[in-house]
Amino acid sequence: MEGLISSRTIPIRGYGTQGNTALFPTHTSNRRRVFYGPIKMMAPTNSSNSKAGSVKPLTASSLGRLDNTLPSKEVLDLWQKADAVCFDVDSTVCVDEGIDELAEFCGAGKAVAEWTARAMGGSVPFEEALAARLDLFKPSLSTIQDFLEKRPPRLSPGINELVQKLKESGKTVYLISGGFRQMINPVASILGVPTGNIFANQLLFHNSGEFAGFDVNEPTSRSGGKPAAVELIRKVRGYKTVVMIGDGATDREARKPGCADLFICYGGVQLREPVAEKADWLVFNFKDLINSLE
């Protein structure tokens, strides 16, 4: 990254309506700021036309191996009394894997999707997969802007209702993702999640607007990043009970002492069996989580 620093790379941040009170230190720059107004004016896809509706159905043998689709009394108690709920974004809050969608937009979809599958399955270190995927298509600043304007977020069915229910119940919602802030800020705006409650990666660009890598100082840019984010949230805010919800191996990592007390695997978009079988609770519909709060 030394060469990038000398060429005056600048992080470009998405625009949100909430104040930025991020717990992790972030880089700032007054050279350039990008406003993604068109994203807010376009309604997110949240219907049967979304990818969630096209996921292949589970086989009986798959379900037979997974005995955690009904929560135990202990799991249900932790869920109901949680102070904070942390969500993964790709294939959880949204029906897409953001980096895969961006890669497809840039003409490198298949190769990048293969890397994503390996990373989410836990077979390669996350930072290695992130660098390899970005290197395949090197998105420029103008490409990012074009992508955000033409492809607004596609939310998973029921996620908006769940987030609102959690907030009504006095729980604080966070978005913790290995994706990019530029693509997550519009999602947070739709859900009413403050930008200070987002932990995600940051794309870097040269002054010319050409791709210059990603900020390796973001905790979510490497393996173990999500547990680090959850642990910091817990320490700084003093939460007694924290829940992590996601679909991938990096989400499952957050379930350990000092981090999340509970890991709920969401299989409504992608079912990753090695992850699902180790979850405290496996759900395929966010309505199950909403109903359990009533």
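Note that this is a predicted model, so its numbers are computed, not measured. The figures that follow rest on heavy atoms only: side chains count, while hydrogens, waters and symmetry mates do not. For reference, positions follow the sequence shown, starting with 1.
- Using a 4.5 Å heavy-atom threshold, the side chains of Y266 and F87 count as separate.
- Other residues, nucleotides and ligands contribute at most 12 non-hydrogen atoms within 6.0 Å of the CD atom of E74.
- Taking SG of C259 as the start and NZ of K226 as the end, the distance is 13.0 Å to the nearest 0.5 Å.
- Side-chain rings of F137 and F105 stay apart, their centers remaining 6.0 Å or farther from each other.
- Judged by distance alone, with hydrogens and angles left aside, the side-chain atoms of T143 form no donor-acceptor pair with the main-chain N or O of P139 at under 3.5 Å.
- In this structure a side-chain-to-backbone donor-acceptor pair under 3.5 Å is present from E253 to G224.
- Salt-bridge check for D83 with K240: failed, with every basic side-chain N at 4.0 Å or more from each acidic carboxylate O.
- With rounding to the nearest 0.5 Å, the separation of CG in D88 from OG in S177 is 5.5 Å.
- If you take OH on Y239 and SG on C86, they are separated by 8.5 Å, rounding to the nearest 0.5 Å.
- A distance-only check finds a donor-acceptor pair linking the side chain of R222 to the backbone of V216 [under 3.5 Å].
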Notebook entry, point to check: Between W79 and K171, does a side chain to side chain contact (heavy atoms under 4.5 Å, CB included) hold up when you go through it step by step?
Noted result: CA-CA 10 Å; W79 166 242; K171 306 178 193 303; 5.9 Å; no

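- Between atom OG of residue S72 and atom CG of residue D77 there is a gap of 9.5 Å, rounded to the nearest 0.5 Å.
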Next item on the list: Just do the salt bridge (charged side-chain N to carboxylate O under 4.0 Å, His left out) check on E161 and K167 with the steps written out, would you?
Entry: CA-CA 10 Å; E161 293 83 353; K167 291 193 290 186; over 6 Å; no

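- Summarising the geometry, atom CZ belonging to F214 is positioned 12.0 Å from atom CD belonging to Q202; distances are rounded to the nearest 0.5 Å.
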Item checked: Test log, rule side chain to side chain contact (heavy atoms under 4.5 Å, CB included), inputs Q145 and Q182 -> CA-CA 9 Å; Q145 292 172 307; Q182 288 90 343; over 6 Å; no

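- Between the D280 side chain and the F263 main chain, a donor and an acceptor come within less than 3.5 Å of each other.
- The closest side-chain donor-acceptor pair between T220 and N201 falls under 3.5 angstrom.
- Using a 4.5 Å heavy-atom cutoff, the side chains of E231 and K256 are not in contact.
- For the residue pair E127 and S221, no side-chain donor N or O sits within less than 3.5 Å of a side-chain acceptor on the partner.
- Formation of a donor-acceptor pair under 3.5 Å by the R252 side chain with backbone atoms of P274 is found in this model.
- Looking at every heavy atom in both residues, M183 comes nearest to F147 through CE-CE2, 3.5 Å.
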Notebook entry, point to check: Can you check side chain to side chain contact (heavy atoms under 4.5 Å, CB included) on V124 and W115, steps first, answer last?
Noted result: CA-CA 9 Å; V124 294; W115 268 103; 4.2 Å; yes

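- Q80 places a side-chain N or O within donor-acceptor distance of the main-chain N or O of S292, the cut-off being under 3.5 Å.
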Checklist line | Stepwise side chain to side chain donor-acceptor pair (under 3.5 Å) test for E210 and S140 | finding: CA-CA 5 Å; E210 294 304 307; S140 66; 5.2 Å; no

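- Here the side chains of S156 and T92 are not in contact, with every heavy-atom distance at 4.5 Å or above.
- Annotation: the span from R237 atom CZ to N197 atom CG amounts to 5.5 Å, rounded to 0.5 Å.
- With E97 as reference, R272 is the one residue of R154, R133, R272 to meet the salt bridge (Lys or Arg N to Asp or Glu O under 4.0 Å) rule.
- You'll find the side chain of M244 stays beyond 4.5 Å of the side chain of R255, heavy atoms only.
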Next item on the list: Step by step, work out the salt bridge (charged side-chain N to carboxylate O under 4.0 Å, His left out) result for D146 and R151.
Entry: CA-CA 8 Å; D146 192 29; R151 296 197 181 184; over 6 Å; no

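- Across all non-hydrogen atoms, the minimal contact from L191 to Q164 is O-NE2, 3.1 Å.
- Between V243 and I264, some side-chain heavy-atom pair lies under the 4.5 Å cut-off.
- Nearest approach of I190 to P153, heavy atoms of both residues: CD1-CG, 4.0 Å.
- Residues V275 and C265 approach most closely at CG1-SG, 4.3 Å, considering heavy atoms.
- For the pair L262 and T241, the minimum side-chain heavy-atom distance is 4.5 Å or more.
- Applying side-chain contact (heavy atoms from CB on, under 4.5 Å) to I176 and the options T250, I233, I245 leaves one that passes, I233.
- Put simply, the side chain of N68 gets close to the backbone of A279: a donor and an acceptor are under 3.5 Å apart.
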Notebook entry, point to check: Hey, mind stepping through F284 and L271 against side chain to side chain contact (heavy atoms under 4.5 Å, CB included) and telling me if it holds?
Noted result: CA-CA 9 Å; F284 296 95; L271 178 66; 4.1 Å; yes

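- Listed for the K138 side chain is a donor-acceptor partner under 3.5 Å among the backbone atoms of D135.
- In this structure, D261 and L78 approach most closely via the heavy-atom pair O-CD1, 4.0 Å.
- The backbone N or O of G248 lies less than 3.5 Å from a partner atom in the side chain of D251, making a donor-acceptor pair.
- Under the 4.5 Å side-chain criterion, counting only non-hydrogen atoms from C-beta, T69 is not in contact with V283.
- Between E218 and F199, the closest side-chain pair of non-hydrogen atoms is not below 4.5 Å.
- Hydrophobic clustering (side-chain heavy atoms under 4.5 Å, transitive across Ile, Leu, Val, Met, Phe, Trp, Tyr) keeps L70 apart from L76.
- Under the 3.5 Å distance criterion, the side-chain polar atoms of D90 are matched with a main-chain donor or acceptor of G98.
- Between S91 and V269, the shortest heavy-atom distance links the atoms O-CB, 3.6 Å.
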